[in-house]
Amino acid sequence: MGWNELGFEEVRRLQLGAFSRGQANTYGVSDRTLAVRCRNGLIQRVYRRVYVDFSGPLPWATRVWAAWLAYGPEAAVGGETALRRYGLDGAWGDQVIWLDIPHERRVRSQAGIVLTRCRDLDGRVVGSREPPIVRLEVAVLTVASRRTRPDDAIALVLDACRQRRTTPQRLLAELDRLQRLPRRAAFVEVLKDAAEGAESFLELIYLRKVERAHGLPTAVRQVRAANGRGTVYRDAEYEDYGLIVELDGRAGHEDAVSRWRDMGRDNAALMTAKPTLRFGYQLVGDPCAAAAQVARVLQIRGWRGQPTPCGPTCSLLPTLSDLGSAAHAN
């Protein structure tokens, strides 16, 4: 057997050009042949005992295979690398490859690979994927738990649900198995709210700091509606009062496509006699002002209740008398 033996070619094809020294030896390729081919630029060494069968830059997917071969078979793709392989949208760095290995394993580190030691690694891995990879829910929760800012951690968990890659229920089930995970209690509370329809960090802020904190009625979330061009989903709708609330998480909402889509959605709502209040990241800094606006429109449209201040410094306090007058006027 030799370099062009059919089985070895298939191995390299499946591994996107990457192969280990052990695989090469199995198919009759000696260490000397590997060294000669490296010197001639026909192959290149990527990690200790790991090569690729071409010269030039390595595609990211080939680097993943090469990194796994450097530590497999007792290793699995994890962390941000797993999230990228699952197709989750995000700013995932490609400078390093993240791998999970058994907690008790002791190995030498190599440049460009970040190793995470895990207890019960076998219980976290998807057995049918090659190279082995941890479950999406494991990757989402472990990456989120390492985020420096709590807001970023929560946003990642919610993004995974919003992108329909997983569900709050599946993430909650995974948290039952990850009892020692940092921020576990916070993730449980966030996912309970996500199960009620809060799909983004901004929607969570609205639910907690605007609606609940100020005693507003409970909106129905992710309401499906037709706008003439297809189906849209409204972030929150107070169905008894015909009021829609939309939450724009993109900074500035700057692109023309987004503006046009939002205009069409709002115009369609107005044609059904449902006004739309639209909020952005000002909710984070001043949720009380948003609560005052929502309460005023709700009262104009028939709500007989009164909003409640969220605390002694709530900016809703000076406007309560005006809101009360609006309610009595109806």
Side-chain angles (χ1 to χ4, degrees), residues 151 154-155 157-164 167-169 172 188-227 230-250 253 258 261-311 314-316 319-320 322-324 326-327 330:
D151 291 356
I154 291 170
V157 172
L158 292 173
D159 280 348
C161 299
R162 179 181 55 80
Q163 294 178 32
R164 303 294 192 268
T167 66
Q169 292 77 14
L172 284 167
V188 169
E189 294 305 312
V190 166
L191 288 166
K192 287 179 180 177
D193 289 335
E196 295 183 15
E199 289 193 341
S200 70
F201 177 69
L202 208 57
E203 291 177 41
L204 185 68
I205 292 294
Y206 182 84
L207 173 63
R208 291 181 171 184
K209 295 189 176 182
V210 176
E211 190 174 277
R212 288 179 182 167
H214 295 92
L216 299 177
T218 301
V220 180
R221 285 167 167 79
Q222 305 307 319
V223 177
R224 183 174 180 175
N227 70 349
T231 300
V232 296
Y233 290 87
R234 309 199 186 283
D235 294 330
E237 182 172 340
Y238 296 92
E239 294 180 326
D240 291 342
Y241 308 103
L243 173 63
I244 295 167
V245 172
E246 296 287 5
L247 304 166
D248 295 335
R250 289 161 293 208
H253 228 47
S258 294
R261 182 173 57 246
D262 292 343
M263 289 177 192
R265 186 167 56 181
D266 293 350
N267 291 344
L270 283 173
M271 285 188 283
T272 61
K274 293 180 180 179
T276 298
L277 292 179
R278 188 174 291 277
F279 300 104
Y281 277 104
Q282 72 266 32
L283 287 183
V284 179
D286 193 4
C288 305
Q293 293 178 38
V294 174
R296 183 180 294 275
V297 177
L298 286 172
Q299 289 180 336
I300 290 172
R301 299 183 68 82
W303 182 46
R304 298 297 182 182
Q306 276 274 50
T308 56
C310 62
C314 180
S315 63
L316 185 67
T319 65
L320 279 178
D322 294 336
L323 289 169
N330 290 300

Would a 4.5 Å heavy-atom cut-off, applied to side chains only, mark [X] and [Y] as touching?
X      : Y      : answer
Leu191 : Gln169 : no
Tyr206 : Arg221 : yes
Glu246 : Ile244 : yes
Val245 : Tyr238 : yes
Leu216 : Pro307 : yes
Trp303 : Asp240 : no
Phe279 : Asp248 : no

Between [X] and [Y], what is the shortest heavy-atom contact and its length?
X      : Y      : result
Leu298 : Pro217 : CD1-CD, 3.6 Å
Gly197 : Gln222 : O-NE2, 3.4 Å
Leu243 : Pro275 : CD1-O, 3.6 Å

Quiz item: With Tyr241, which of Arg301, Lys274, Gln299 fulfils side-chain contact (heavy atoms from CB on, under 4.5 Å)?
Solution: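 For Tyr241, the side-chain contact (heavy atoms from CB on, under 4.5 Å) check succeeds only for Arg301.
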For [X], which residues count as a side-chain hydrogen bond (donor to acceptor under 3.5 Å, both in side chains) partner, sequence neighbours excluded?
X      : value
Asp193 : Arg208, Arg212
Glu239 : none
Glu199 : Arg164

Quiz item: Should Arg224 and Glu237 count as an ion pair when the cut-off is N to O under 4.0 Å?
Solution: no
Measure the [atom1]-[atom2] distance between [X] and [Y] for me, rounded to the nearest 0.5 Å.
X      : Y      : atom1 : atom2 : value
Leu202 : Asp235 : CG    : CG    : 8.5 Å
Leu207 : Leu247 : CG    : CG    : 10.5 Å
Arg296 : Leu277 : CZ    : CG    : 12.0 Å
Asp286 : Ser315 : CG    : OG    : 4.5 Å
Cys288 : Leu283 : SG    : CG    : 10.5 Å
Cys310 : His214 : SG    : NE2   : 3.5 Å

